[in-house]
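Have a look at the structure below, then the notes.
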Amino acid sequence: MVSLLSEASLQLRRQVLEKEFSRINDRQREAVFTVNGPLLVLAGAGSGKTTVLVNRIANLIRYGSAYQDTASQLSEQDIADMQEYLHHDTPLSEITRSHLAVSPVAPWHILAITFTNKAAGELKQRLANMLGEAGSQVWASTFHSSCARILRQFGDRLDYSTHFTIYDSDDSKRLMKNCLKELGVDEKILSCKVVLNEISRAKDTLTTPKAYQQAAGDDNRTATIARAYQMYQQHLKEADAMDFDDLISCTVQLLQENPDVLEHFQKKFRYIMVDEYQDTDHAQYVLIKLLAGTDGNLCVVGDDDQSIYKFRGATIENILSFEKTFPTAKTIRLEQNYRSTQTILNAANAVISNNKERKGKTLWTKNPVGSKIQTHTAINEQDEADYIGKQILEGVADGRKFSDYAILYRMNTQSSALEKNFVKSGIPYRIIGGLRFYERKEIRDMIAYLSVINNASDEMRLRRIINQPKRSIGDKTLAAASQIADQLGESVFYVIDHANEFEPLKRTAPKLLQFAHIMRGFMDMNESGSHTLKELYDKVLEDTNYIASLGNPANLEVQDRISNLRQLESNIQQYEEENGELASLDGFLQEVSLMTDIDNYDDKADTVVMMTMHSAKGLEFPVVFLPGFEDGIFPGVQAIYSPEQLEEERRLAYVAITRAREQLYILNAQSRMIFGSTNRNRPSRFLQEIPEELMEHTAARSWKQPKPGTALPVSSKEVREAAMESALHFGAPQSAQAHKALQFRPGDQVEHRAFGKGMVLSVTPMGNDHLLEIAFESKGTKRIMANFAHLKRA
DNA sequence: TAGGATTTAGTTTTT
DNA sequence: CTAAATCCTA
């Protein structure tokens, strides 16, 4: 069998494996072939870390440790095969491939943890593309959903049911409000936001209510928080619910207290990979360490320069001290950037080099130098928005797509000036963050119905829906029911279901019973198992008369709500299609509770996208605008006098700058209205940290008189309605507005608010919209989406 | 209890 | 300035 010396065999195998992974660079390949023991990959922005993760997993599954191992079982046929492959590009035979492998790893022994569903989804997708069936068997998911999955299996050890509810931040807030009320704490002195934040930090550091109380000592404030913490946890338990932080800390507790469970998962996850390691908090660190166990086949990928969630408990220490925690750890730096131009990278490097607390790395690229960074000083935020809008329209006229553009700001409030301008100029846009899909009232209401159907002891959500739509059941009644429930040790739902048996509820009993009756109907329907989730959802909508309760369907806001409810319906349907036999109400609710709207961000739609710099992490765009580079905005006021916070802001600047592939615009305004008062801010210090020669500066000359007839919507309500109207054009091809586009034909004379008069040259259908090519009298030929253009016939 | 009037608090937030 | 939370009255 063996016909080569093992040394020569290893050489040959290495050559073949290197060729197998020849599409990645040397550093990346080193990370891919380092399969055993702890590994730290310091991956700069745009250095292809997902590629490394995917290839590393592929290598584990296909070849195991063949690159390092000297064991060899190659036949002469194999060797001939390999030579052929190396010299003549003949594909390797499957047999040779299998002979090459040295202790290959089964996909189910691999755990890959990310922070966002989007990142997990991307990873899964790329694994499936590369490895097919085997790729889908890798456990790739977020911290939170991995933990939820573990807890559903072993939650009984912690006295939780297997269908516990996951509370989101809104639920937590409501619950904490109740706790503080119960404790008689004045929210003006100690707001529930502050308390929740404090508790979240406690959970991040694995501090139990008891330990927290002991640490509180004499301090009154802390002692109060300790009591609130205790009560909050108790209520969660009664509701069979966990908040986001509990998912992690309870999993840690489960593994620490149950050696058999720990062993089970240590055996299961023989290889662990963690993405965005710089964002892990202490609890997540402990969790990873527990799972990695003594084998320590742990590979973490991160970038200390992109740590921007310290305020949420992420501890940069985890990455800075990885080598100390795991003395045998190998560190690999990925510094070649594949995303941005040299100019953009130089700017990013220059800014971040002002930070003291960092491991230090310098990004470089083979990409072209690219155009200079455009800096622009606007007069105020409207002028700033105006400038951005103009640049986008010009770019689109030159052949760019709207989706090439992203605007990244420090605060969500900065979006409104942009929004107004874009509505005016007919620029299609989407805002990520702010009001999320799953935070909308109507969606939360329906989710609450489904939650109660799934878990009747969820009092919080029961309270949410019991009078929604209005059933004339008020606080008074609910408080009475809640008290009775406490005395009996039964759930509130039980009490409501038996309302006529309790004297204090006699008056409202018919209403309570009616509510209980319809809920029972839903619960029976769910338990019978003979209906789909979509049918259940439709039944809930119908029996509760929810849609009718929203009000006049002619109202745009009501229409928006209804379309959101339809969207939820199709999400449910999609979930059922994806999960087939395994689909369950429980499963859907869990998936939904861990979902955010970055996850719904689809890059296919051709619109400009706006979001905070934080949300943009991990994304990239050809052209990026960074408005509000002013001291006081970015860096924010709170950060200016704290060196630590300033460094975090600088990392955020680094993240923001490195989102751009080709062109970067940085803007500041001489004055800006913020929370109702006008501020004059100096240009951001970060701007001064970028070398002069990388930038080209312009400034607004004078305040232009708005032309008559170009009246803007004045209130944000009007803006929203106008935006909604535009949005409807997309969703409803049958609507009257959608036919507007069809009214335009080549040769039509039109007038655009920004470009003036022109003639339609061509009409191309695109999705539900139409792309118009228009020759303007003064501005040349532009391409514009009909539904967004607000064109008038001239 | 519902709905309108008034007050008040507003970085960032992968889950 | 704006949106949500709370207050107040019918």
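Computed from a prediction, not measured in an experiment: that's the story for all the values here. Letters go in sequence order (proteins before strands), and every chain restarts at 1.
Residue A/N412 has its side chain nearest to B/dT13 when only B/dT13, B/dT14, B/dT1 are considered. With B/dT1, B/dG10, B/dA2 as the choices, the nucleotide that has an atom nearest any side-chain atom of A/T477 turns out to be B/dT1. Ranking C/dT2, B/dG3, B/dT11 by closeness to the A/M411 side chain, first place goes to B/dT11. Distances from the side chain of A/S472 to the nucleotides B/dA2, B/dT14, B/dT13 place B/dA2 closest.
Residue A/N197 contributes atom CG, which lies 13 Å from atom P of B/dT12 at whole-angstrom precision. For the pair A/D186 CG and B/dT8 P, the computed distance is 12 Å after rounding to whole Å. Look at CZ on A/R174: it is 11 Å from P on C/dT6, rounded to the nearest Å. With rounding to whole Å, A/K177 atom NZ is found 6 Å from C/dA5 atom P. Taking atom CG of A/L646 as the reference point, atom C1' of B/dT12 lies 15 Å away to the nearest angstrom. Look at CZ on A/R672: it is 15 Å from P on B/dT11, rounded to the nearest Å. Protein atom CG of A/L652 is 7 Å distant from nucleotide atom C1' of B/dT12, rounded to whole Å. Residue A/Q414 contributes atom CD, which lies 10 Å from atom C1' of B/dT11 at whole-angstrom precision.
Note on A/G636: nothing from the nucleic acid sits closer than 4.0 angstrom, heavy atoms only. Using a 4.0 Å heavy-atom criterion, one finds that A/E649 contacts the bases of the nucleic acid, with or without backbone contacts as well. Nucleic acid contact class of A/N467 (heavy atoms, under 4.0 Å, all strands): sugar-phosphate only. At a threshold of 4.0 angstrom between heavy atoms, the contacts of A/Q590 with the nucleic acid are absent.
Not less than 6.0 angstrom separates the ring centroid of A/F244 from the ring centroid of A/F143.
Nearest heavy-atom pair across A/L190 and A/L180 is O-CD1, 3.9 Å. When all heavy atoms are compared, the tightest approach of A/G313 to A/D281 is O-CB, 3.2 Å. Shortest non-hydrogen contact noted between A/D245 and A/S200 is OD2-OG, 2.9 Å.
Base orientation of B/dT12: anti, since the glycosidic angle falls outside 90° of 0.
Proximity of A/T413 to the phosphate of B/dT11: no side-chain N or O atom is located under 4.0 Å from OP1 or OP2. Between A/S191 and B/dA9, a side-chain N or O to OP1/OP2 separation shorter than 4.0 Å is absent. Residue A/K173 places at least one side-chain N or O closer than 4.0 Å to OP1 or OP2 of C/dA5. Not one side-chain nitrogen or oxygen of A/S615 sits closer than 4.0 Å to the OP1 or OP2 atom of B/dT14.
Residue pairs meeting the salt bridge (charged side-chain N to carboxylate O under 4.0 Å, His left out) criterion with at least one member in residues 643-652 of chain A, sequence neighbours excluded, are A/K310-A/E644, A/R410-A/E649, A/E648-A/R651, A/R650-A/E689.
Taking atom C1' in both B/dT11 and C/dT6, the straight-line distance is 25 Å, to the nearest Å.
For the residue pair A/Q278/A/E276, the side-chain donor-acceptor check at 3.5 Å is satisfied.
Heavy-atom distances under 4.0 Å link DNA chain B to A/Y309, A/F311, A/R312 of residues 304-315 of chain A, given in residue order.
By the ring pair (Phe, Tyr, Trp, His ring centres under 6.0 Å) test, A/H614 is found to be paired with A/Y309, A/F311, residues two or more places apart in sequence or in another chain being considered.
Classification of A/D171 and A/R174 as a salt-bridged pair fails, no side-chain N sitting under 4.0 Å from a carboxylate O.
Heavy-atom distances to DNA chain B give each of A/K188 and A/M613 a nearest nucleotide, and the one nearer the 5′ end belongs to A/K188. Both A/H614 and A/T508 lie near DNA chain B, and the one whose nearest nucleotide falls closer to the 5' end is A/T508.
For A/Q514, the CD atom sits in a loose shell: 12 or fewer heavy atoms of surrounding residues, nucleotides or ligands are nearer than 6.0 Å.
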